[in-house]
Amino acid sequence: MTKYDFKAIEGKWQSKWEEEKAFEAKNDYTMPKFYALIEFPYPSGNGLHVGHPRSNTAIDIIARKRRMEGYNVLYPIGYDAFGLPTENYAIKTGIHPEIVTERNISRFRAQLKRLGFSFDWSREISTTDPEYYKWTQWIFLKLFEKGLAYKAEIPINFCTSCKVGLANEEVVDGVCERCGGEVVRKVKSQWMLKITEYAQRLIDDLDKVDFIEKVKTQQRNWIGRSEGAEVDFKLDGFDKTLRIYTTRPDTMFGATYMVVSPEHPVIKELEDKIENIEEVKDYQQKAARKSDFERSELAKDKTGVPLKGINAINPATGKAIPVWTSDYVLMGYGTGAIMAVPAHDTRDYEFAKTFDLPIIEVIKGGDVEKEAYTDSKNGELVNSGFLNGLTPKDAIPKMIDFLEENKIGTRKVNFKLRDWVFSRQRYWGEPIPLVHCEKCGWVPVPYEELPLKLPMISDFVPSDDGSSPLARATDWVNTTCPHCGGPAHRETDTMPNWAGSSWYFLRYTDPHNDNELASKEALDYWLPVDWYNGGMEHTTLHLLYSRFWHKFLYDIGVVSTPEPYMRRTSHGMVLGENGEKMSKSRGNVINPDDLVDEIGADAFRMYEMFMGAFDQPIPWSTKGARGCYKFLDRVWRLQEMICDEQGIRDDMKFLVHSTIKKVGEDFERMKFNTAIAAMMSFVNEVYQKGSITKDELTVLLKLLSPVSPHIAEEMNENIGNTQPLYNAKWPEYDESALVEDNVEIGIQVNGKVKTRIMIKNGLDKAEIEKLVIEHDDVKPFIEGKTVRKVIVVKNIVNIVVA
RNA sequence: GCGAAUGUGGUGGAACGGCAUACACAACGGACUUAAAAUCCGUCGGGGAAACCUUGGGGGUUCAAAUCCCCCCAUUCGCACCA
């Protein structure tokens with residue numbers, strides 16, 4: 001009996017799988033299909049993180065099980081390789097990003113291959129490959145064609161350190177998500193994508209898919225739909241109205257002042273009429289200088305300035321109310337102006353208290369002396385004319401009807417979601433395939449000229465004025481207009497790295513197609529993705545963006561499903577051994593290579609799954625990982641315990657079949673830790689027994705093979721099975737074998753467990769009751785007491801005595 | 001501030017409302033060994049003679065609660081002036 005030599009075994013089977021093309025998806029579109037997907041990694045210079053294999057192994061287990069169940073499985077891999085870290089590295093070292101990317105990908109590929117994932121390597125892609133980004137550009141041009149890509153002068157989030165514009169989603173706590181640099185607002189001309197046009201559908205279609213609830217909730221909150229009304233307030237003494245948005249039209253009788261955002265155009269329009277215009281302008285400037293971080297940090301203290309001389313008429317009461325400006329009202333949401341109802345809105349309340357503005361209670365139910373009463377369902381309207389006596393819930397529609405009848409307002413739905421800032425002033429991204437011509441404006445690069453390749457340059461440092469490094473590649477920038485032939489220049493901004501990842505799962509279905517992003521047949525067969533696992537951090541970024549692109553492609557007939565992913569699950573983060581997030585600065589990063597050297601890929605994979613509940617964050621434990629090695633070594637030595645008997649022995653039937661059931665069901669529920677525990681129990685019992693048959697062992701190896709495939713294949717071969725496990729049939733359990741002859745039942749007296757007894761299985765309740773009451777072990781607990789009731793449930797009997 | 005999740009031995013964690021602490025890690029004891037490692041076999045929530053106590057704390061529903069309901073406390077993660 002040889003030692004468990006995981007190095008030799010793993011190398012041997014990895015080569016074998018490759019030679020036999022064991023995991024290549026078949027282009028046989030008549031077979032039942034299963035598309036398993038993980039988020040393709042960003043090939044960073046640090047190599048694989050122990051978090052990657054958690055998602056990869058989980059879906060690998062599912063993919064391998066599906067193959068054994070007869071599905072044509074697509075489990076692809078690729079690299080999301082455009083992006084800032086590579087570019088920053090290039091700036092620091094002078095090595096071209098293309099070379100860095102190539103190097104990083106090689107390292108990732110080697111690390112992934114070492115772990116024995118059943119990826120279809122023949123479909124490997126990289127977003128930086130011109131043959132790939134040709135189609136990223138193609139989709140962009142389609143969006144442009146349909147009016148969903150537009151250029152706008154907007155205040156953007158600008159990272160002062162990366163010198164790059166960021167999407168709202170990339171600003172975390174007021175600082176840059178990637179580098180932690182300060183983010184300020186800067187007005188720039190940017191390409192935007194109209195994701196807001198899909199806002200309603202992105203919410204509605206969540207009902208069609210099986211995503212974990214957390215993801216759905218987060219997406220809904222991010223899209224932030226609200227129903228309300230837009231109302232025009234007349235400005236006293238002017239032929240002019242100020243439009244506001246409110247979700248609480250029922251409180252309109254309590255609107256005692258109005259507030260406009262500092263960026264609101266009305267200030268400019270009424271410049272001459274505002275008596276304290278200098279003070280107002282000063283406030284505007286201060287607000288503009290504030291970074292987002294400062295704006296939110298200072299949120300506690302309300303600031304503002306009245307627009308002296310400007311009053312509005314409350315359309316409900318007919319009374320004149322003052323107009324203020326304050327940065328607690330945002331230009332980007334609603335109309336940039338609000339009616340302030342201090343009695344029933346927390347922010348308005350604070351503002352009114354700060355500036356001593358009147359507070360009128362219009363809903364009874366709280367104590368407006370102390371705080372705003374904001375319940376939009378309960379309470380009773382007062383001081384509100386025709387709404388008096390109603391609850392807010394009933395008053396809202398009634399007020400909207402009133403506004404619509406009198407043509408001063410309309411029903412209106414608003415979303416928090418903003419359009420997607422799509423331009424980056426960076427080098428290492430897909431060039432935006434547009435040309436600007438003085439005469440013709442923005443003109444698309446003709447489809448037949450795609451891919452528009454990134455020019456080779458050697459200086460990637462972004463300019464201080466925030467323009468892209470590509471602007472300096474004048475040979476490339478200066479071109480002719482595809483429309484009129486006149487002089488023109490290319491767009492020098494590039495796409496964000498969310499572009500390539502928004503559709504990569506489509507390319508996998510037909511990755512070498514030169515004529516289309518993928519053939520219709522391939523797309524129709526493989527889509528939607530059956531099971532997609534990835535990180536929660538991508539919920540409002542990648543996951544939302546790719547749903548948007550997919551819906552657009554659905555609308556133009558490229559794909560046939562309205563949603564890209566049927567099922568979405570999420571893994572918990574792997575923390576350092578000290579329970580903190582793994583990071584270089586904390587010094588608690590675990591390098592998978594070292595551990596794989598020590599315990600092998602099979603044990604490593606197993607530990608990744610065994611360490612804890614899949615969806616919870618779990619601290620790493622290298623000792624725990626070594627425990628999995630110990631278990632596999634124990635499995636290995638089962639070969640010495642094979643006996644001459646055949647088949648599954650009677651006294652093993654229950655164990656074998658209940659383990660098949662448990663492992664299979666737990667895999668499907670992503671309860672990998674308890675599935676592995678069941679296999680450990682199985683092995684413990686075999687050790688107790690001292691022997692195992694070849695057939696019993698074969699079952700165990702099949703169950704083990706999705707988690708630790710190399711050792712399972714090797715042992716399977718050793719014991720004389722000729723069919724490799726990767727295309728063996730997944731074992732089925734026999735229901736009748738799950739019924740034991742005798743069962744242990746727990747005896748409770750008044751709900752507390754007192755003892756346990758063995759009884760024959762299959763008795764009815766009355767028989768069990770009789771048996772229990774008369775049982776010698778039970779008697780002491782009920783002697784001299786009156787039995788009030790006996791409850792028999794499954795394997796518990798509860799005797800209620802007095 | 002709002003929302004969500006989590007809280008069980010020394011540690012990671014199990015447990016359709018039905019025998020709490022499965023399975024591991026660590027620790028301890030024994031066997032094997034000249035010795036160690038590895039391996040195998042045991043012990044392992046508290047308390048103890050037994051009774052009994054124990055799932056962050058307090059209440060409740062139930063024959064029965066880690067699990068369901070209410071109120072607190074703590075930790076983590078989202079969102080954060082969205083009218």
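This is a predicted model, so every value here is computed, not measured. Quick note on labels: first sequence line is chain A, next is B, and so on, each numbered from 1.
With the 3.5 Å cutoff on both pairing distances, Watson-Crick and G-U pairs in RNA chain B assemble into runs of at least 3 at B:1-7 with B:73-79, B:10-12 with B:23-25, B:27-31 with B:39-43, B:56-60 with B:68-72.
In this structure B:G9 sits in the syn conformation; its chi angle is within 90° of 0.
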When every nucleotide of nucleotides 42-54 of chain B is labelled 5' to 3' by its protein contacts under 4.0 Å (heavy atoms), B for base, S for sugar-phosphate only, - for none, what sequence of letters results?
S---------SS-
A correct 5'-to-3' footprint of nucleotides 17-28 of chain B, with B, S and - meaning base, sugar-phosphate only and no protein heavy atom under 4.0 Å, is -BBS-BBSSS--
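Comparing B:A83, B:C63, B:C41 by their nearest atom to the side chain of A:Tyr687 picks out B:C41. Of the candidate nucleotides B:A83, B:U39, B:C63, B:U39 has the atom lying nearest to any side-chain atom of A:Arg637. Distance from the side chain of A:Val800 is smallest for B:C63 among the nucleotides B:C63, B:A83, B:U6.
For A:Tyr4 and A:Tyr629, the ring centers are positioned less than 6.0 Å apart.
Side-chain N/O atoms of A:His571 and A:Asp615 include no donor and acceptor closer than 3.5 Å. Remark: the A:Ser226 side chain and the A:Tyr245 side chain contain an N/O donor-acceptor pair separated by less than 3.5 Å. Checked by atom type, the side-chain pair A:Tyr283/A:Thr303 shows a donor-acceptor distance below 3.5 Å. For the 3.5 Å distance criterion, the side chains of A:Gln219 and A:Thr540 fail to qualify, holding no donor opposite an acceptor. Judged by distance alone, the side chains of A:Arg225 and A:Asn414 never bring a donor and an acceptor atom under 3.5 Å apart. The closest side-chain donor-acceptor pair between A:Glu39 and A:His542, if any, does not fall under 3.5 angstrom.
The nearest heavy atom of RNA chain B to A:Lys789 and to A:Met611 marks one nucleotide each, and the one closer to the 5' end goes with A:Met611.
Residues meeting the side-chain contact (heavy atoms from CB on, under 4.5 Å) test with A:Lys194, sequence neighbours left out: A:Leu148, A:Tyr150, A:Glu197, A:Asp419. A search for side chain to side chain donor-acceptor pair (under 3.5 Å) contacts involving A:Arg243 returns A:Asp232, not counting sequence neighbours.
Rounded to whole Å, the separation between the C1' atoms of B:G10 and B:G60 comes to 34 Å. Distance check on atom C1': B:G29 versus B:U6 gives 37 Å, rounded to whole Å. Using C1' as the reference atom, B:G30 and B:C23 are 24 Å apart when rounded to the nearest Å. Taking the P atom of each, B:C73 and B:G13 are spaced 25 Å apart, rounded to whole Å. Rounded to whole Å, the separation between the C1' atoms of B:G1 and B:C69 comes to 26 Å. Rounded to a whole angstrom, the distance from the P atom of B:A36 to that of B:A27 is 16 Å. The gap from the P atom of B:U76 to that of B:G12 amounts to 15 Å, rounded to the nearest Å.
A 6.0 Å sphere centred on CD of A:Glu227 holds no more than 12 heavy atoms belonging to other residues, nucleotides or ligands. Counting non-hydrogen atoms of neighbouring residues, nucleotides and ligands closer than 6.0 angstrom, the NZ atom of A:Lys752 reaches no more than 12 such neighbours. The 12-atom threshold is exceeded at CZ of A:Arg220, counting heavy atoms of other residues, nucleotides or ligands nearer than 6.0 Å.
Between A:Tyr328 and B:A83, a side-chain N or O to OP1/OP2 separation shorter than 4.0 Å is absent. At least one side-chain nitrogen or oxygen of A:Ser226 sits closer than 4.0 Å to the OP1 or OP2 atom of B:A83.
The cationic atom of A:Lys302 (NZ for Lys, CZ for Arg) does not lie both less than 6.0 Å from the six-membered ring centre of A:Phe351 and within 45° of the ring axis.
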Would you tabulate the pairs of protein nitrogen or oxygen atoms and nucleotide nitrogen or oxygen atoms of nucleotides 67-72 of chain B closer than 3.5 angstrom?
none

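Across all strands, A:Ala337 comes closer than 4.0 Å to no nucleic acid atom at all (heavy-atom distances).
Heavy-atom minimum distance, A:Pro342 versus A:Ala372: O-CB, 3.8 Å.
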